[in-house]
Amino acid sequence: MKRLLVLALLLTAAAGDIHSGYDDASPETRAMQDDDSANPGFLWVREGEAQWSGKACAACHGDARVSMRGVAARYPAYDAALNRPITLDQRIAQCRTERQHAEPFTPESDAALGLSAYIGLQSRGMPLQVSTDGPMRPFYETGRTLFNTRMGQLNLSCAQCHDERAGMKLAGAVIPQGHPNGYPEYRLEWQTMGSLTRRIRNCMVGVRAEPFPPDSAEMTALALFLAARAAGLKIETPAVRP
Amino acid sequence: MVRVLLNVPRQVRRNEPFDVKLLISHPMESGQRRDAVGLAIPRDIINLLVVTYGNEEVLRMDLFPAIAANPFLAFSMTAVASGTLSITFTDDHGVTQSETATVEVV
């Protein structure tokens with residue numbers, strides 16, 4: 001009984017302490033994110049804004065500040081036609097190829113990241129709130145399983161670092177809780193903008209695992225689980241991280 | 001075409017310092033790195049930045065390697081009359097680009 005109580009307390013503590021990678025970043029990095037004129041992510045945002053109004057986005061969706069408000073907060077979302085969840089980036093790609101009949105974006109290109117950042121920005125400050133009910137449930141469970149599965153030559157799971165050792169150090173850097181609330185984000189290490197997919201690939205290569213392909217079911221399920229795990233955290237797109 | 005974000009207050013007070021902030025999308029390739037086959041990647045940095053206000057030069061800056069990609073530059077200045085702030089920079093490829101903003105002195 002006592003052991004159960006301790007476990008319950010631990011779980012409450014863990015659940016209560018959800019915080020953004022922003023809180024783990026240095027004051028200098030935070031200052032960069034706080035000032036839109038110093039945040040390099042806005043170079044991409046402006047690119048995305050130009051695309052939005054220049055291409056057919058605005059023709060259907062009108063003013064992004066109105067139509068895209070809150071959209072990033074509910075992705076990955078269920079796509080009834082595909083019978084599976086899709087990420088916001090996949091949704092943008094779908095719109096681009098199927099409705100605009102345009103060339104698909106090159107992954108991680110300035111154009112793709114820019115549009116994603118511009119759309120994400122419209123939800124800045126809003127809490128992440130993805131659905132995990134109904135048809136989303138099995139995908140969420142898959143994501144949870146992947147998060148807790150040891151992988152790679154180092155035989156580590158996401159959870160071992162980002163749940164169990166969050167707040168501790170990996171080399172000189174604080175291990176963040178690994179929340180997806182700022183993507184696409186500007187990473188100082190990359191000296192450029194990158195998507196959540198790139199970040200996950202980065203982690204997987206780090207544990208010497210074969211990364212999930214960008215648009216694979218595994219990657220989407222993991223993105224869904226991460227978004228659900230971060231429920232309530234405010235969107236910071238475009239975030240700045242070390 | 002390099003993307004530039006130039007941030008200047010639209011209205012400033014006469015003789016009172018104000019901040020000019022500048023973000024430039026540029027790789028700032030240091031010249032020290034090598035590519036996948038071991039060939040040196042040529043240096044490509046912004047090496048000169050000139051700021052003029054009206055017809056007067058207010059800042060001239062030589063830049064060197066060891067500046068991160070997408071540099072952020074900020075400086076303070078004062079104005080006595082309304083005018084156009086113009087920022088011109090040149091990189092190692094000889095590409096020159098300008099960005100302007102109007103400042104109103106109230």
Side-chain angles (χ1 to χ4, degrees), chain A residues 25-55 105-106 108-118 120-121 124 173 182 184-195 198 202 205 237-242, chain B residues 1-12 17-36 41-46 49 51 59 61 63-77 85 87 89 91-92 95 97-103:
Chain A
S26 69
E28 293 80 6
T29 307
R30 291 203 294 260
M32 232 170 144
Q33 178 177 319
D34 290 340
D35 181 355
D36 288 355
S37 56
N39 180 345
F42 272 82
L43 291 165
W44 278 262
V45 166
R46 293 295 159 245
E47 159 114 13
E49 189 177 17
Q51 278 190 72
W52 180 274
S53 26
K55 282 261 168 50
F105 282 132
T106 308
E108 304 296 321
S109 61
D110 289 346
L113 294 167
L115 196 52
S116 179
Y118 179 61
L121 173 69
R124 188 163 67 167
E185 71 182 21
Y186 192 89
R187 283 200 87 210
L188 301 175
E189 181 192 324
W190 293 337
Q191 300 207 9
T192 187
M193 202 81 166
S195 67
R198 179 173 177 185
N202 200 180
V205 168
T237 307
V240 180
R241 294 287 184 269
Chain B
M1 181 76 175
V2 176
R3 274 166 287 147
V4 183
L5 299 183
L6 173 59
N7 197 288
V8 190
R10 276 199 201 102
Q11 292 192 328
V12 300
F18 61 91
D19 289 336
V20 178
K21 297 176 188 173
L22 186 65
L23 251 178
I24 307 172
S25 72
H26 198 280
M28 297 298 275
E29 190 60 57
S30 70
Q32 305 291 325
R33 299 197 306 159
R34 286 173 188 276
D35 64 11
I41 304 172
R43 196 185 95 162
D44 178 23
I45 63 167
I46 294 168
L49 180 95
V51 182
L59 176 75
M61 189 175 173
L63 290 91
F64 296 90
I67 297 174
N70 307 312
F72 172 69
L73 302 162
F75 59 92
S76 301
M77 58 176 279
L85 183 78
I87 286 170
F89 54 87
D91 73 9
D92 287 339
V95 179
Q97 191 172 325
S98 289
E99 199 71 24
T100 58
T102 51
V103 178

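Numbers restart at 1 for each chain; the letters A, B, ... are given by sequence-line order, proteins then strands. Source: prediction; values computed, not measured.
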Where do A/Met193 and A/Ala117 come nearest, in terms of heavy atoms and distance?
CE-CB, 3.7 Å
Working to the nearest 0.5 Å, report the span between CD1 of B/Ile87 and CG of B/Leu49.
6.0 Å
Please round to the nearest 0.5 Å and tell me the distance separating atom CG of B/Leu73 and atom CG of B/Leu59.
9.0 Å
Under 3.5 Å, what donor-acceptor pairs does chain A form with chain B?
unit_1   : atom_1 : unit_2  : atom_2 : d
A/Asp35  : OD2    : B/Lys21 : NZ     : 2.7
A/Leu43  : O      : B/Arg3  : NH1    : 2.7
A/Glu47  : OE1    : B/Arg3  : NE     : 3.1
A/Asp110 : OD2    : B/Arg3  : NH2    : 3.3
A/Tyr186 : OH     : B/Asn70 : ND2    : 2.8
A/Gln191 : O      : B/Asn70 : ND2    : 3.4
A/Gln191 : OE1    : B/Ala69 : N      : 2.7

Check each atom of B/Leu22 against the heavy atoms of chain A and say whether the ones under 4.5 Å are side chain, backbone, both or neither.
neither
With a 4.5 Å heavy-atom cut-off, do B/Val20 and B/Val51 have their side chains touching?
no
Hey, are the side chains of B/Ile46 and B/Ile24 touching, using non-hydrogen atoms and a 4.5 Å cut-off?
yes
Answer whether the closest heavy-atom distance between the side chains of B/Ile45 and B/Met28 falls below 4.5 Å.
yes
